[in-house]
Amino acid sequence: MKLKTVTLGCKVNQYETEFVREGLLGIGYEDALDEQSADLCIVNTCTVTNEGDSKSRQVIRRLARDNPDSKIVVMGCYATRAPEEVASLPNVSEVVTDKRELPDLLGRFGVIDVPTGISGFARRHRAYVKVQDGCMLRCSFCIIPYVRPNLASRPAAHIADEVRRLVDAGHREVVLTGIHLGHYGVDWNRTLPKEEWTRLSHLVRSLAEVPGDFRVRMSSIEATEVTRELIDVMAEYPDKVTPHLHISMQSGSDGVLRRMRRRWGAKRFVDRCGLLKERLDRPAITTDIIVGFPGETDAEFAETVDVCHQVGFSKIHMFPFSPRRGTPAAEMGEQISKQTKHDRGVELARVEAELRDKYFASLEGMPLRVLVESPLTEENHHQQRAEGFIPSVLQHIGTSCRYAPVAIPADRAPIGEFVDVLAGPINGTHITAELRTAITA
């Protein structure tokens, strides 16, 4: 029996697809090659934007066309939001509307011993580990709390066992992810006194104490979740917990943040980033920003740019606002024109490049641990040549502990392994480096 899987959307979806795939491979399914027709297709859908819905439908129709005799099982947020719509698509045999049903789904296919996690992550050196599900917030632009509202944290012992398996399988970095990662433990804490609460910092500490040559990175968290306890764990385990946090900002304007129904203002965001920089040496801080939110004025956008400079982000994921049917923001007045969104996006990209280069330059001469991930592509080489840098040897590219991409001579940097380097000058969007025999920080 041949199997094909397609995943759209976030790291949580990628993890859940791998969970289902691994269970099916365990009972005899085999991954179909590109030219082979599959008996079963699993599609994990996304509904963050209207475009996510559209892409999900396109994928399902293409799979039905290319695999005419297949059964297609559809799961994910679009399947939860519009199950009847999904069920009407060609070859769809089952729609999974709740991710908590995944063990039952595997059971219906004949998986007897449903695992508590995964033991490998196909075609990746960095493995995603889902530790939590559900979000109870109601940001005015986001549909996800409506389709994944139920908080559920995984037991720390199950997560630690999974991390051990992934490390044994050769993965050198695990990325903790969830629908709202910072809500880890919240579902257990409601009836307990505060001194008995479980927090994300407790989980990170327990994983940092797992033996092995690997590191832990956290995916997106909120500013209010950048606690002193979490920062303390990062400082205590510098070789195990990466000095990098992705802190979702969305806007640096208090007026826009109120319309977004966010839980904090710009000052608190800057203050939390300041705590991180006070405790750690040159941590990487990355973020998400929406430009062109309804009613966003030039002055409010300027406030966002100002906060970017105050924090000194090393990377900004920029999104032009896209009205999502079913959310309050889609019904707000003063929708911003496409041209204004484009112009602000161009300006923010310029700011990001400036801040990235400033941060990368601050790392020069610093010890970095790099996970080597792939050859430097021909596209990268063309870009480097255009910028006046012509590599004399084949290079590999990897991700440093501080989330900066680093180019290293291929003969000194085996793919899938750590190498310890001293950061050198910037080359376009990468850092050059020289290898060293030991890492001291």
Query raised in the report: Taking the side chain from His158 and the backbone from Gly117, do they hold a donor-acceptor pair closer than 3.5 Å?
Result: no
Query raised in the report: Any side-chain donor paired with an acceptor under 3.5 Å for Thr47 and Arg81?
Result: yes
Query raised in the report: Could Arg138 and Tyr146 be counted as a cation-pi pair, given that NZ or CZ must be under 6.0 Å from the ring centre and within 45° of the axis?
Result: yes
Query raised in the report: Do other residues, nucleotides or ligands put more than 12 heavy atoms under 6.0 Å from Lys71 NZ?
Result: no
Requested in this report: Would you indicate whether the side-chain heavy atoms of Val406 and His430 approach each other to under 4.5 Å?
Outcome: no
**Report entry** Side-chain donor-acceptor pair present, Thr7, Thr17, cut-off under 3.5 Å
**Finding:** yes
Query raised in the report: Are Asp133 and Lys99 ion-paired here, with the side-chain N under 4.0 Å from a carboxylate O?
Result: no
Requested in this report: Kindly say whether Val186 contributes a backbone atom to a donor-acceptor pair with the side chain of Trp197 at under 3.5 angstrom?
Outcome: no
Query raised in the report: About how many Å separate CD1 of Ile426 and CG of Leu363, when rounded to the nearest 0.5 Å?
Result: 8.5 Å
Requested in this report: Using a strict cut-off of less than 4.0 Å between a Lys/Arg side-chain nitrogen and an Asp/Glu carboxylate oxygen, indicate whether Glu225 and Arg263 qualify as a salt bridge.
Outcome: yes
**Report entry** Side-chain (Ser93) to main-chain (Val73) donor-acceptor, under 3.5 angstrom
**Finding:** no
Report task. Quick one: pull up CD1 in Ile289 and CZ in Phe319 and give me the separation to the nearest 0.5 Å. Result -> 10.5 Å
**Report entry** Approximate separation, where rounding is to 0.5 Å, of Met1 CE and Phe109 CZ
**Finding:** 8.5 Å
Query raised in the report: Rounded to the nearest 0.5 Å, how far apart are CG of Asp239 and CZ of Arg369?
Result: 7.0 Å
Requested in this report: Check the surroundings of atom OH in Tyr403: do more than 12 heavy atoms from other residues, nucleotides or ligands lie under 6.0 Å from it?
Outcome: no
Query raised in the report: Taking atom CG of Leu280 and atom CD of Glu278, what is their separation to the nearest 0.5 Å?
Result: 10.5 Å
**Report entry** Summary of salt bridge (charged side-chain N to carboxylate O under 4.0 Å, His left out) pairs that have at least one residue in residues 30-40, sequence neighbours excluded
**Finding:** Lys2-Glu30, Arg21-Asp31
Query raised in the report: If you measure only the distance, is there a donor-acceptor pair under 3.5 Å linking the side chains of Tyr78 and Arg57?
Result: yes
Query raised in the report: How far apart are the C-alpha atoms of Ser201 and Arg228, what are their side-chain angles, what is the distance that settles it, and do they pass the side-chain hydrogen bond (donor to acceptor under 3.5 Å, both in side chains) test?
Result: CA-CA 9 Å; Ser201 58; Arg228 293 183 186 275; over 6 Å; no
Query raised in the report: Which heavy-atom pair separates Ser248 from Arg262 by the least distance, and what is that distance?
Result: O-NH2, 3.1 Å
Report summary line: Contacts of Tyr359 meeting ring-ring contact (aromatic ring centres under 6.0 Å, His included) (sequence neighbours excluded), chain-then-number -> none
Query raised in the report: Which heavy atom of Ser153 sits nearest a heavy atom of Gly185, and at what distance?
Result: OG-N, 2.8 Å
Report task. Over all heavy atoms of both residues, which pair between Leu207 and Ala160 is shortest? Give the atoms and the distance, please. Result -> CD2-CA, 3.8 Å
Requested in this report: Tell me, yes or no, whether the heavy-atom count around Ile112 atom CD1, taken from other residues, nucleotides or ligands under 6.0 Å, exceeds 12.
Outcome: no
Report task. Could you tell me whether the side chain of His246 and the main chain of Ser219 form a donor-acceptor pair under 3.5 Å? Result -> no
Query raised in the report: Does the gap between the ring centers of Phe293 and Phe321 come in under 6.0 Å?
Result: yes
**Report entry** Ion pair check, Glu173 and Lys240, cut-off under 4.0 Å
**Finding:** no
**Report entry** Backbone of Thr177 reached by a side-chain donor or acceptor of Tyr15 within 3.5 Å
**Finding:** no
Query raised in the report: Side chain of Arg172, backbone of Gly416: donor and acceptor closer than 3.5 Å?
Result: no
Query raised in the report: Do Asn44 side-chain atoms and Asn13 backbone N/O form a donor-acceptor pair below 3.5 Å?
Result: yes
Query raised in the report: With sequence neighbours excluded, what pairs up with Arg350 under the salt bridge (Lys or Arg N to Asp or Glu O under 4.0 Å) test?
Result: Glu347, Glu354
Query raised in the report: Quick one: CG on Leu368 to CG on Asp420, what's the gap to the nearest 0.5 Å?
Result: 9.5 Å
Report task. Only counting residues at least two apart or in another chain, list the ones meeting salt bridge (Lys or Arg N to Asp or Glu O under 4.0 Å) with Arg61. Result -> none
Query raised in the report: Just checking, is any N or O donor in the side chain of His244 or Arg217 under 3.5 Å from an acceptor N or O on the other one?
Result: yes
Requested in this report: Check the pair Glu22, Arg165 against salt bridge (Lys or Arg N to Asp or Glu O under 4.0 Å), reporting the backbone distance first and the verdict last.
Outcome: CA-CA 13 Å; Glu22 189 171 306; Arg165 292 194 300 270; 5.7 Å; no
Report task. Kindly say whether Ile72 contributes a backbone atom to a donor-acceptor pair with the side chain of Ser70 at under 3.5 angstrom? Result -> no
Query - Any pair counted as salt bridge (charged side-chain N to carboxylate O under 4.0 Å, His left out), so long as it reaches residues 186-207, sequence neighbours left out - result: Arg205-Glu236
**Report entry** Smallest separation among heavy atoms of Thr224 and Thr227, with atom names
**Finding:** O-CG2, 4.0 Å
Query raised in the report: Taking the six-membered ring of Tyr128 as reference, does the NZ or CZ atom of Lys11 fall below 6.0 Å from its centre and within a 45° cone about the axis?
Result: yes
Report task. Mind telling me whether Phe269 and Trp264 have parallel, tilted or perpendicular rings, with 30° and 60° as the class edges? Result -> tilted
**Report entry** Side-chain ion pair, Arg164 and Asp161, N-O less than 4.0 Å
**Finding:** yes
Query raised in the report: Does Glu162 use its side chain to pair, donor to acceptor, with the backbone of Ile118 at less than 3.5 Å?
Result: yes
Report task. Determine the minimum heavy-atom distance between Ser220 and Leu181, stating which atoms define it. Result -> O-CB, 3.6 Å
Query - Lys55: partners by side-chain contact (heavy atoms from CB on, under 4.5 Å), with sequence neighbours left out - result: Leu8
**Report entry** Under 3.5 Å donor-acceptor, Gln310 side chain and Val270 backbone
**Finding:** no
Requested in this report: Give the minimum heavy-atom separation between Ala64 and Pro90, together with the two atoms involved.
Outcome: CB-O, 3.7 Å
